[in-house]
Amino acid sequence: MKCLLKKDREMEQRLQHEAKALLEQGKVDYIIGFEPGSLKFTTTPLITKDKDDTSRLVINPFIVNNLSVFLTEIKGRVGIVAKGCDSRSIISLIQDNKVIREDIVILGIPCPGLIDLKKIERLVGKDRDELDDITRDGDKVVIRVSGEKKGFPTREVLFDDCLSCEFPSPQEYDILLGETSSLVCDKELSQNKIKELEDMPPEQRWEFWKQQFSHCIRCYACRQVCPACFCQRCFVEESEPQWVSPLPQWQDNLMFQVIRIIHVAGRCTDCGECERACPAGIPLRSLTKKMDDLVDELFHYKAGIDKNAPPLMTAYELQEAEDFIR
Ligand code: SF4
Ligand code: SF4
Ligand code: SF4
C-alpha cells in the first residue's frame, strides 16, 4: 500500500525514533500507536512494551482510531500518538481525573486529515480492494486503479469530521512530530448531512431516525471506541432500575444513543470514531456534532481545550437561570 506524503514519512521516522528512545530510557512502560492493518488502506492500534516493535509504527491518512480510549485501561506510564482530536480527548480525560498528565508522554501529530475510503469508493465506483494506491499531495488526492490515475480535490475525500476540524494540531503534547498541519477544511460540506436533517419537517426526521435505529444491533461498538464513554458500569447494563431494555428495539436503541450523547456532551471532540465503528452505518455524527455545536452555542465551551478547566457538566454559576442547579 502506498499512501504517504513526504511529510508523513518524516513524521513516521521521527515517531519510531522517539518511541524507541522513550522505552529504552525507561520514560514510559508502553507505547500506543498505529501499525499497518491486515486489510488494504487500514491501520490497527499497536500497544507494546518492546522497543523493537517501534519500527512497525506508521503515520498515514488511515490512522482513524482515537487511541486515548486505551488510557483508562492501561496501568503504568504511556507514550501515546495523538492527532488534534485525540489530544483533546486526552485533555478531557485529565479534566475528569481519569488520566494523570504526568503518567503520559504525548507524541503529537499536526494532522492533515484522514481519508474516507467510502467516499473514494463512491467517486471511483470501485471497491477498496480493487484500488492500487492512493497518493495524497496537499490539496489533491490521486487514486490509481486498473493502471489508470484519477485525481480528486482532497476536500472531496476527507471524513466529514476532518472537514470541519478547528484543531488539527495537538492542543497538548510533549513531542511534536511535525511543524504545521496542512489540513484543507470545508465546513459547509461537512455539515451537509446535518443541514439536510434540520431542513426536514419533524415527522420526516422522526421517521428517518426510527428507520436508522431499527438497524441498530446494540453491539455497543460506538460506546467501546469512545474515550468519553468511560463509566465502569454503563446505564444500559443497570437492571435496577432498568433504564433501557437490552432488547434491540428501535425505541430503546434510540434512547440508548440519546442518553449516551447527553453523557458525552462537553467531552466529545468530534473524532468521528463512533460513526466509523457502527456496523449498521447509522449516521451518529449527525447527533454528536449537533450536540457539540449546541454545547458551544449555549455554554461557549469546546471539549478538551483547557486541562485545568472543570468539566462542563460539573461547573455552574451563581447566576444560573435554573434554580435547581444552584
Ligand atoms: S478531526 Fe482533525 S485532528 Fe482529528 S483526524 Fe480529523 S483532521 Fe485530524
Ligand atoms: S455501533 Fe451502531 S449498531 Fe452498534 S450499538 Fe452503536 S448505534 Fe447500535
Ligand atoms: S462521541 Fe463519537 S465523535 Fe464524540 S468523542 Fe466519542 S467516539 Fe468521538
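In listed order, ligands and their atoms are each counted from 1.
Defined by atom type and a distance below 3.5 Å, a donor-acceptor pair is present between the side-chain atoms of Gln191 and Asp293. Of the N and O atoms on the side chains of Glu238 and Gln242, not one donor lies less than 3.5 Å from an acceptor on the other residue. For the residue pair Arg155/Ser190, the side-chain donor-acceptor check at 3.5 Å is not satisfied.
Of the heavy atoms in Ala228, none comes closer than 4.0 Å to ligand 3.
Coordination check, Cys226 versus atom 8 (Fe) of ligand 3: failed, since every N/O/S atom of the residue sits at 2.8 Å or beyond.
Contact atoms of ligand 2 toward Arg218: 5 (S), 8 (Fe) (distance under 4.0 Å to a heavy atom of the residue). Here is the list of ligand 2 atoms found below 4.0 Å of a heavy atom in Ile217: 3 (S). Each of the atoms 3 (S) of ligand 1 lies under 4.0 Å from some heavy atom of Gly84. Listed by number with element, the atoms of ligand 1 under 4.0 Å from a non-hydrogen atom of Cys165 are 1 (S), 2 (Fe), 3 (S), 7 (S). Of all atoms in ligand 3, listed by their number and element, those nearer than 4.0 Å to a heavy atom of Thr288 are 1 (S).
Assignment of Asn66 to the shell around ligand 3 is not supported, since no heavy atom sits closer than 4.0 Å. At least one heavy atom of Gly272 sits under 4.0 Å from some atom of ligand 3.
By the neighbour-count criterion of 12 heavy atoms within 6.0 Å, atom CD1 of Ile100 is sparsely surrounded, having that number or fewer from other residues, nucleotides or ligands.
A salt bridge is absent between Asp133 and Lys149; no separation between the charged side-chain nitrogens and carboxylate oxygens falls under 4.0 Å.
For atom 5 (S) of ligand 2, the closest heavy atom belonging to the protein is Tyr220 N, 3.2 Å. The closest protein non-hydrogen atom to atom 8 (Fe) of ligand 1 is Cys111 SG, 2.3 Å. Among all protein heavy atoms, the one lying closest to atom 2 (Fe) of ligand 3 is Cys274 SG, 2.3 Å. Nearest protein heavy-atom contact of atom 4 (Fe) of ligand 3 is Cys268 SG, 2.3 Å.
With distances taken over non-hydrogen atoms, the option nearest atom 6 (Fe) of ligand 2 out of Cys222, Cys216, Ala221, Cys278 is Cys222. Of the options Arg260, Glu275, Gln257, the smallest heavy-atom separation from atom 7 (S) of ligand 2 is shown by Gln257.
Not one N or O on the side chain of Lys126 forms a donor-acceptor pair closer than 3.5 Å with the backbone of Leu131. Not a single donor-acceptor pair under 3.5 Å links the side chain of Arg205 to the backbone N or O of Trp209. The closest donor-acceptor contact from the side chain of Glu273 to the backbone of Cys226 lies at 3.5 Å or more, if one exists at all. A donor-acceptor pair is defined here as one N or O able to donate and one able to accept, closer than 3.5 Å; such a pair exists between the side chain of Arg267 and the backbone of His263.
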